[in-house]
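Notes follow the structure.
Source: prediction; values computed, not measured.
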Amino acid sequence: MSFALTVPQIQAGTKDVTRRLGWLQLKPGELIRPVRKCMGLRPGETIEPLRAPLRVVDVRREPLRMMTDDMDYGFEEVRREGFALHPTYCWPTEWIAMFCKTHKGCEPSTIITRIEFAYTED
């Protein structure tokens with residue numbers, strides 16, 4: 001799974017939730033390898049693992065706007081996404097705007113896949 005937008009958070013272990021437009025078949029207990037980039041590699045580029053595999057803890061579908069419908073939930077989720085101290089995206093509204101900007105066709109009402117994971121030692 002690519003973490004191109006959150007490489008520092010994955011490497012530091014400050015992120016334990018990610019949101020995706022797909023990944024509908026993912027199940028708790030499965031392992032995913034966090035990589036910098038895995039699609040659109042140029043000739044000569046290789047997949048760069050960021051750390052040991054992540055173990056999926058929970059997978060659920062929810063509207064992206066849920067982070068602003070319940071602001072306590074939103075701030076906790078921004079923290080879990082690894083952005084609690086980010087100067088621009090620490091508020092749920094700004095985080096959602098960033099997510100929509102970086103995911104073509106996404107709007108706050110879009111149903112996304114919320115994936116919770118735990119770090120492993122390999």
Output yes when [X] and [Y] qualify as a salt bridge under the 4.0 Å nitrogen-oxygen rule, no when they do not.
X	Y	answer
E81	R19	yes
E30	R55	no
R79	E76	yes

Please examine the side chains of [Y] and [X], heavy atoms only from C-beta on, and report whether any two atoms are closer than 4.5 Å.
X	Y	result
R42	E45	yes
E94	F99	no
R114	V17	yes
M98	F83	yes
W23	V56	no
R36	S2	no
L54	I115	no
V35	E48	no

When rounded to the nearest 0.5 angstrom, what distance separates [atom1] in [X] from [atom2] in [Y]?
X	Y	atom1	atom2	answer
T68	E77	OG1	CD	12.5 Å
L64	S109	CG	OG	9.0 Å
I112	T18	CD1	OG1	9.0 Å
D16	Q9	CG	CD	12.0 Å
D70	R65	CG	CZ	12.5 Å

| request: Before giving the answer on salt bridge (charged side-chain N to carboxylate O under 4.0 Å, His left out), spell out for R60 and E116 the whole-Å C-alpha distance, their side-chain angles and the decisive distance to 0.1 Å. | output: CA-CA 9 Å; R60 67 178 183 242; E116 181 178 344; 5.4 Å; no

| query | Taking all non-hydrogen atoms of both residues, which atom of P53 and which atom of L31 are closest, and how far apart? | reply | CB-CB, 4.2 Å

| Shortest non-hydrogen separation from P108 to C100 and the atoms involved | N-SG, 3.7 Å

Side-chain heavy atoms under 4.5 angstrom apart, residues restricted to Ile, Leu, Val, Met, Phe, Trp, Tyr: same cluster for [X] and [Y]?
X	Y	answer
L50	F117	yes
L21	L26	no
V59	I10	yes

| Above 12 or not: heavy atoms from other molecules or residues under 6.0 Å from CD of Q25? | no

| task | Decide if the gap between the ring center of Y73 and the ring center of F75 is smaller than 6.0 angstrom. | result |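 No, the ring of Y73 stays outside the 6.0 Å limit from the ring of F75, centre to centre.
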
| Backbone of R51 reached by a side-chain donor or acceptor of Y119 within 3.5 Å | no

| query | T120 side chain to A52 main-chain N or O, any donor-acceptor pair under 3.5 Å? | reply | no

| said: Against the six-membered ring of F3, is R20 placed for a cation-pi contact (under 6.0 Å from the centre, within 45° of the normal)? | reply: yes

| message | Pairing donors with acceptors under 3.5 angstrom, does anything connect the side chains of R61 and T113? | response | yes

